[in-house]
Amino acid sequence: MLNTKSFLAVDFGAGSLKLAEFEINEAGGLCLKNFSIKPLGLEGAQESSREATTLKALREVLVETGTKARDINVCAPGFQVFSKFVKLPPVDAGKVTQIIQYEAQQNVPFPLAEVVWDYQILGSSTGGELEVLLVAIKSDVVEGLFRMAEEAKLRLQLCDVSPAALCNAFRYNYGELEGCTMLLDIGAKTSNLLFFENGKVFSRSISLGANSITQDFANEAKLKFEIAEQKKVAEGFVSLGGAYAEPESEYQAAIAKIARQFMTKLHIQVNQTKQFYRGQQGGSEPLRLFLSGGASIMPYTAQFFAEKLNVPVEYFNPFRNVQIDPAVNLEELARVAHSLGEVVGLGLRNLANCPVEMNLMPSSTLRWRTFNEKKPYFIFTLLSLVAVAGAVGFLFQKLAESKEKEIKDLEPQVQKLKTKADQFDRAYKKLQATQKEAGQITSWMEERYYWGNVLAELRRVLIRSEDDIKKKLSAIRPGVEAGVWIEQLTLGNTPGPATGPGAVPIPMPVASPGENEAAPGATPNPSSTLTLVCRAVNLSNIDPSANTDIAYTVLNELQANPLFDPKATQLRGDITPDDATGTFTFGITVGLQHPLNL
């Protein structure tokens with residue numbers, strides 16, 4: 001039987017808070033029960049005042065709608081979210097997570113310890129490369145969303161991001177469209193551009209939002225931001241330029257001019273993204289454009305983009321396949337439906353598996369929420385344990401008195417046996433020391449060719465790696481030459497190679513007199529790792545991912561070699577290009593499968 005319990009979806013946008021109440025209907029579809037949009041003003045886009053402003057708006061919306069639902073899915077604002085599409089070289093399934101972790105370290109502009117991040121593999125290109133959507137948000141932002149939900153007496157279930165929510169809403173409502181389709185969501189601080197084609201999706205966040213129209217108009221007309229926003233909504237439109245007559249109102253004329261300048265900048269970004277999508281992603285020419293977001297409703301926006309892009313333009317209807325409760329005001333919903341794509345995408349996460357599923361909830365938040373839910377049970381259990389412990393303690397006290405008497409009676413016999421045990425231990429330790437010394441000498445004799453074999457195998461690994469790279473890149477440039485060599489080899493796990501322009505090899509550590517000398521009679525500890533600093537010919541001009549491929553080819557060859565421990569053999573540090581020599585360096589820690597005792 002379906003769970004028809006209502007739940008909330010909230011989009012914490014930069015310019016407004018959008019809330020919708022949904023439930024799953026008897027047919028297993030999504031049903032809209034209620035909705036509301038609350039403007040946040042300029043304070044909603046400022047970090048210092050955003051949380052307090054948003055919490056106030058959330059409480060007001062909950063009171064106005066009268067909803068009793070407590071479970072909530074939220075969408076973080078686009079300007080606080082980092083998202084990027086990356087392409088990964090074809091690798092074994094077991095190494096995908098490792099490579100994506102590496103890509104996240106390289107691409108996310110914050111330390112990974114300070115963010116919550118997630119990814120989703122969206123498919124593969126014709127060349128076998130994995131297409132991955134990588135998103136990240138600072139942990140304190142998500143914790144702020146959790147605090148707001150807690151203070152509003154709501155249970156936060158998941159935290160999504162705008163591109164993913166929009167993608168799910170569009171696929172649910174327009175999944176039957178053929179060819180390439182663009183969806184442009186124009187927000188207050190940022191805009192999202194998504195491409196849909198043959199089951200694949202590509203998105204890009206554009207740092208242009210309609211707040212800039214309001215701010216420029218407020219500066220020019222010398223008005224407060226709130227008043228300028230009201231006039232923009234009431235009187236504003238996008239100037240079509242050319243022979244069109246100027247409006248009589250001075251404010252209207254100013255807004256129309258500023259709006260056209262903004263839309264022109266946005267069109268340039270859209271056009272550049274379209275060219276990138278076609279050239280780098282292998283996409284087709286878009287056949288249509290859908291507009292969404294609060295700023296897209298400004299009059300003549302659709303005509304502007306239809307003229308500039310030369311494609312049909314429609315407004316996105318996220319409720320096309322969503323049931324509407326009879327109590328919902330359809331006329332009011334029609335005016336704002338284009339801006340509710342994110343909340344529909346959030347609602348779909350409770351319906352079924354979605355094409356893009358991400359949850360940026362920190363593990364610490366999830367653990368704390370689970371603890372709070374189970375707190376009453378813990379308290380009851382603790383009281384029960386205290387009562388049981390008291391009863392058991394009394395019994396153990398009686399048993400302890402009895403055992404103490406038995407111990408006193410056995411002490412003389414135990415002392416005799418202890419004397420004999422000490423004599424045996426001394427003799428046994430002397431035997432063990434002799435056996436260990438003999439075994440060390442035997443090991444040295446059997447493994448006198450060990451290091452020669454290790455170095456010869458390293459040479460064969462590099463030769464095979466060069467052959468693999470030549471074979472792969474010959475399809476792009478016949479006759480290409482690849483070169484990989486070891487620039488520095490040290491025993492043990494030394495610090496990683498220097499990075500950045502002008503990097504220099506890490507010198508071998510020099511022991512001071514008497515340092516690291518073994519104590520008399522002690523057996524030296526085995527050294528189980530080698531640290532390599534490798535240098536290779538820079539082939540990124542042939543293939544952008546060639547340098548990464550070279551590093552991972554060497555790594556894979558080492559991990560597959562029986563002389564080396566695959567788990568302890570890993571890349572270390574960064575890939576560091578050297579433009580002066582046309583080469584690059586990278587580090588590898590090599591674990592020895594059977595280290596030689598030194």
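Owing to the predicted nature of the structure, the values given are computational and were not obtained by experimental measurement. We use all heavy atoms of the structure for the numbers below, so side chains are in, but hydrogens, waters and symmetry mates are not. All residue numbers refer to positions in the sequence shown, counting from 1.
A salt bridge links Lys418 with Asp422; the closest basic N to acidic carboxylate O contact falls under 4.0 Å. By the 4.0 Å N-to-carboxylate-O rule, Glu342 lies too far from Lys18 to be salt-bridged with it. A salt bridge is defined here as a Lys NZ or Arg NE, NH1 or NH2 lying under 4.0 Å from an Asp or Glu carboxylate O, and Arg50 with Glu43 fails to meet this definition. In this structure, Lys38 pairs ionically with Glu64, as a charged nitrogen and a carboxylate oxygen lie closer than 4.0 Å.
Side chain of Asn168 to backbone of Ala164: a donor-acceptor contact under 3.5 angstrom is found. With hydrogens and angles disregarded, no donor-acceptor distance shorter than 3.5 Å links the side chain of Asp71 to the backbone of Phe7. At least one donor-acceptor pair closer than 3.5 Å links the side chain of Arg70 to the backbone N or O of Lys153. Proximity of a side-chain donor or acceptor of Asp565 to a complementary backbone N or O of Leu592 within less than 3.5 Å is not detected. Between the side chain of Thr434 and the backbone N or O of Lys430, at least one donor-acceptor pair lies under 3.5 Å. In this structure, the side chain of Tyr172 does not engage the main chain of Pro318 through any donor-acceptor pair within 3.5 Å.
A 4.5 Å side-chain heavy-atom check between Phe586 and Val554 finds at least one atom pair inside the cut-off. In this structure, the side chains of Leu351 and Ile24 come closer than 4.5 Å at one or more pairs of heavy atoms. At least one side-chain heavy atom of Leu489 sits under 4.5 Å from a side-chain heavy atom of Leu458. Residues Glu151 and Leu55 meet the side-chain proximity criterion, which asks for heavy atoms closer than 4.5 Å. Side-chain contact between Gln570 and Arg572: absent, with no pair of heavy atoms (C-beta onward) separated by less than 4.5 Å. Using a 4.5 Å cut-off on side-chain heavy atoms (C-beta onward), Lys416 and Lys420 make no contact. Contact of the Lys33 side chain with the Val328 side chain is not registered, since no non-hydrogen atoms from C-beta on lie closer than 4.5 Å. Using a 4.5 Å heavy-atom cutoff, the side chains of Leu431 and Gln435 are in contact.
Taking OG from Ser203 and CG from Leu166, the interatomic distance works out to 9.0 Å, rounded to the nearest 0.5 Å. Taking OG1 of Thr548 as the reference point, atom CG of Leu571 lies at 9.5 Å (rounded to 0.5 Å). Considering CZ of Phe319 and CZ of Phe35, their distance stands at 7.5 Å, rounded to 0.5 Å. The CD1 atom of Ile588 sits 10.5 Å away from the OH atom of Tyr552 when rounded to the nearest 0.5 Å. Asp409 CG to Glu404 CD: the interatomic distance, rounded to the nearest 0.5 Å, is 12.0 Å. Taken to the nearest 0.5 Å, the CZ atom of Arg171 stands 10.0 Å off from the CG atom of Leu194.
The two residues Val343 and Phe22 come nearest to each other via the heavy atoms O-CE1, 3.4 Å. Scanning all heavy atoms of the two residues, the minimum distance from Ser339 to Ile37 falls at OG-CD1, 3.8 Å. When every heavy atom of Gly341 is checked against every heavy atom of Ala169, the shortest pair comes out as O-CB, 3.4 Å. Closest heavy-atom contact between Ala57 and Leu40: CB-CD2, 3.6 Å. The two residues Asn192 and Pro163 come nearest to each other via the heavy atoms OD1-CG, 3.9 Å. Contact detail for Val61 and Ser36: the closest heavy-atom pair is CG1-CB, 3.8 Å.
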Evaluation steps, side-chain contact (heavy atoms from CB on, under 4.5 Å), between Val81 and Val141: CA-CA 9 Å; Val81 176; Val141 174; over 6 Å; no
Evaluate Leu8 against Leu19 for side-chain contact (heavy atoms from CB on, under 4.5 Å), listing each step before the verdict. CA-CA 7 Å; Leu8 300 176; Leu19 177 144; 4.3 Å; yes
Please lay out, stage by stage, how Val115 and Ile137 fare under the test side-chain contact (heavy atoms from CB on, under 4.5 Å). CA-CA 5 Å; Val115 302; Ile137 185 170; over 6 Å; no
How far apart are the C-alpha atoms of Phe12 and Leu17, what are their side-chain angles, what is the distance that settles it, and do they pass the side-chain contact (heavy atoms from CB on, under 4.5 Å) test? CA-CA 5 Å; Phe12 290 101; Leu17 182 147; 3.6 Å; yes
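Side-chain contact annotation: Glu21 with Thr67, donor-acceptor N/O pair under 3.5 Å present. Residues Gln323 and Asn25 bring a donor and an acceptor atom of their side chains to less than 3.5 Å of each other. Ser292 and Asp185 form a side-chain donor-acceptor contact under 3.5 Å, judged by distance and modelled atom types alone.
Summarising the local packing, CD of Gln593 is surrounded by more than 12 heavy atoms from other residues, nucleotides or ligands at distances under 6.0 Å.
For Asp160, the salt bridge (Lys or Arg N to Asp or Glu O under 4.0 Å) partners at least two apart in sequence or on another chain are Arg349.
Each of Leu62, Ile72, Thr54 was scored for a side-chain contact (heavy atoms from CB on, under 4.5 Å) with Val10, with one residue passing: Ile72.
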